[in-house]
Amino acid sequence: MLTLLKDRQVLRRDILASLVVFLVALPLCVGVAVASGVPAELGLVTGIVGGIVVGFLPGSSLQVSGPAAGLTVLVYQAVQDFGLGALGVIVLVSGLLQLALGAFGLGRWFRAISIAVVQGMLAGIGLVLVLGQVYAMADTPQPSGGIPKLTGLPGLVGEIFTNGTALTAFAVGAGTVAVLVLWPKLPAKVRVVPGPLAAVALATGATLLFDLSIAKVEVKGLLESVSPPGLGDFSQLGGVAVLGTVLAFTLIASAESLFSAAAVDRMHDGPRTDYNKELMAQGVGNTICGALGALPMTAVIVRSAANVQAGARTSLSRILHGVWLLLFAALLPAAIGVIPLAALAGVLVHAGCKLIPVKDLAPLWREHRGEAVILAITAIAVLVTNLFEGVVLGLLLAVVKTAWEISHLHVDVRELTGGRLVVSVTGNATFLRLPRIMEQLEALPKDKPIELDLSGLRHVDHACRIALENWALRHNDAETEPVTMLPPVAAAENSSGTA
């Protein structure tokens with residue numbers, strides 16, 4: 001990096017990129033914190049740590065870390081269930097687990113997670129995020145749980161049209177969403193300003209200009225908001241629910257960060273990501289965020305993409321973006337207090353919609369129907385239960401689907417001259433296909449000699465081997481010529497090797 005920074009052009013591009021990333025990150029850090037039910041400044045703390053600390057660490061040189069919309073639902077639930085103090089403990093322990101996973105070289109295994117499960121998880125998060133923040137757009141308390149949020153929408157609509165304050169706030173939030181949707185269609189000169197910043201600035205300006213009486217972000221101050229967990233908070237680690245949340249934070253934050261790293265690698269031709277080092281860098285960041293009582297961090301694809309597209313060449317850009325966040329939080333804290341909550345809710349509604357892969361569903365259904373089903377079930381499970389249970393269900397479905405697909409089996413029966421039957425079994429004989437094998441074998445005539453050819457099998461598990469041997473013994477007891485069995489390829493190779 002130092003060699004590249006001696007090039008003034010590289011240095012200039014990195015500084016400009018850091019400003020772009022800062023402007024993208026600022027409203028998102030504040031918005032994610034507010035939606036998570038914690039002081040707005042804690043989102044900035046996580047962004048600062050993600051820039052200044054993680055930015056210096058090896059792994060992925062161009063991706064940017066900070067609080068992510070994808071963890072908002074889980075963080076909000078954790079704060080509601082266990083309290084703000086316990087959040088720091090959960091984040092800290094999750095960071096230590098990430099460090100251990102990276103140190104043991106397990107970072108690359110996160111790439112083995114089914115993409116359908118990840119997309120389903122993000123879609124479920126997007127649905128819960130949108131449903132929750134629609135209420136925040138109207139300055140109305142949101143119900144807890146995905147189903148109550150869904151069933152409460154008719155009442156929300158009635159509230160908006162009968163309550164002037166709710167209607168005003170919702171108009172500000174809807175206007176924010178409209179700006180975000182239209183911003184990419186504007187001329188390039190206008191789009192120099194990031195869409196989220198422009199949308200929030202316009203909403204804030206309109207609120208001040210027309211003196212709208214709607215809720216705004218509460219400001220406590222950076223140092224006042226930092227609240228390290230106490231010793232009593234660590235006692236909650238004995239609870240199963242807290243440990244489950246720690247595991248969910250660890251797995252989801254790690255998977256999201258490493259998937260983001262893979263996506264960022266495709267955007268540039270610089271050094272590739274070292275997944276284990278990147279996982280350890282995320283672990284260091286989360287450990288520090290937990291010690292400060294802040295939000296968990298992940299690598300965020302929106303900020304990372306903005307960094308690459310702005311021309312960043314080294315990790316200096318992400319480090320500087322953290323510096324700009326720190327200066328803003330220290331010198332201009334009052335600026336946060338004029339931002340309407342409805343505008344931040346609008347930013348997150350837009351972000352939640354982008355998490356739902358609507359355009360990908362039809363092609364996925366046509367080409368990989370099983371993957372589409374897993375995606376949909378995972379998303380619905382996240383909505384109706386919670387994030388952890390939804391992801392676990394998705395992973396189990398992916399494993400079952402894979403096991404079913406790799407256990408393809410074909411049974412072919414042909415009759416030779418003289419009435420002898422040759423039964424050829426090819427593929428993979430596992431317990432999943434055992435009922436089908438036995439039905440076909442037991443339907444064979446018991447008064448004819450049979451040759452069971454298993455040489456085309458690539459794999460035979462213990463259950464199938466025992467079942468086939470027992471079938472042969474029963475057939476032999478029928479006072480016919482004994483069944484001739486040709487062993488599977490694997491068995492033949494093993495026997496020849498031992499000889």
Side-chain angles (χ1 to χ4, degrees), residues 14 17-33 35-36 38-72 74-75 87-88 90-92 94-96 98-99 102 194 196 222 225-226 249-250 252-261 263-264 273 277-308 310 312 314-330 351:
D14 277 355
S18 72
L19 291 170
V20 171
V21 177
F22 159 70
L23 295 175
V24 171
L26 179 60
L28 291 175
C29 286
V30 176
V32 168
S36 301
V38 304
E41 290 85 352
L42 291 183
L44 293 173
V45 171
T46 299
I48 292 165
V49 174
I52 297 177
V53 177
V54 177
F56 273 106
L57 300 176
S60 174
S61 60
L62 296 183
Q63 79 169 352
V64 184
S65 299
L71 283 174
T72 301
L74 191 58
V75 173
L87 176 65
I90 292 169
V91 175
L92 189 153
S94 298
L96 293 175
Q98 286 181 307
L99 272 169
L222 192 62
S225 298
V226 172
F249 270 51
T250 304
I252 294 169
S254 301
E256 190 169 341
S257 295
L258 298 183
F259 274 114
S260 172
V264 172
T273 298
K277 289 181 179 179
E278 178 62 24
L279 186 56
M280 293 181 71
Q282 295 295 322
V284 171
N286 275 317
T287 302
I288 295 174
C289 286
L292 296 174
L295 291 174
M297 76 165 56
T298 72
V300 187
I301 189 61
V302 175
R303 274 161 256 185
S304 302
N307 190 38
V308 175
T314 73
S315 59
L316 178 67
S317 60
R318 59 181 189 166
I319 296 169
L320 286 178
H321 117 275
V323 173
W324 308 142
L325 286 174
L326 176 60
L327 292 175
F328 177 86

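Predicted model, so just to flag it, every value in this text is computed and none were measured. One is the number of the first residue; the rest follow in order along the sequence.
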Check: [Y] main-chain N/O paired with [X] side-chain donor or acceptor under 3.5 Å:
X	Y	value
Ser257	Ala299	yes
Ser304	Val64	yes
Ser65	Met297	no
Ser36	Val38	no

Nearest heavy atoms of [X] and [Y], plus distance in Å:
X	Y	answer
Ala294	Thr46	CB-OG1, 3.5 Å
Gly102	Leu279	N-CD2, 3.6 Å
Leu295	Cys289	O-CB, 3.5 Å
Gly47	Leu325	C-CD1, 3.7 Å
Gly66	Val300	O-CG2, 3.7 Å
Asn286	Gly95	CB-CA, 3.7 Å

Check side-chain hydrogen bond (donor to acceptor under 3.5 Å, both in side chains) between [X] and all other residues, then give those that pass, not counting sequence neighbours.
X	answer
Ser61	none
Ser317	Asn307
Ser225	Glu41

Practice task
List in chain and number order the residues that pass side-chain contact (heavy atoms from CB on, under 4.5 Å) with Val284, two or more places apart in sequence or in another chain; answer none if no residue qualifies.
Solution key: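 Here the qualifying residues are Val53, Leu57, Leu99, Ile288.
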Evaluate the side-chain proximity of [Y] to [X]: yes if any heavy-atom separation is below 4.5 Å, no if none is.
X	Y	answer
Leu327	Trp324	yes
Gln98	Thr250	yes
Val308	Val264	yes

Problem - Pairs involving residues 24-33, ordered by first then second residue, that meet side chain to side chain donor-acceptor pair (under 3.5 Å) (sequence neighbours left out) - result: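 As it turns out, there is no side chain to side chain donor-acceptor pair (under 3.5 Å) pair with a partner in residues 24-33 once direct neighbours are skipped.
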How long is the gap from [atom1] on [X] to [atom2] on [Y], to the nearest 0.5 Å?
X	Y	atom1	atom2	answer
Thr287	Leu96	OG1	CG	4.0 Å
His321	Ile52	NE2	CD1	9.0 Å
Leu19	Phe22	CG	CZ	8.0 Å
Phe56	Arg318	CZ	CZ	10.0 Å

Handout entry: CA sep, side-chain torsions, deciding dist, call: Asp14, Leu320, side chain to side chain contact (heavy atoms under 4.5 Å, CB included)
Key = CA-CA 9 Å; Asp14 277 355; Leu320 286 178; 5.8 Å; no
Exercise for the section: Taking atom types as modelled, find out whether Glu278 and Ser60 have a side-chain donor-acceptor pair closer than 3.5 angstrom. Expected result: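 No, because no side-chain N or O of Glu278 sits under 3.5 Å from a partner of the opposite role on Ser60.
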Exercise for the section: Determine whether the side chains of Ser254 and Gln282 contain a donor N or O and an acceptor N or O closer than 3.5 Å. Expected result: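 The criterion, which ignores hydrogens and geometry beyond distance, is not satisfied for Gln282 and Ser254.
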Please tabulate, one pair per line, all N/O donor-acceptor pairs under 3.5 Å involving side-chain atoms of residues 23-33, not counting sequence neighbours.
none

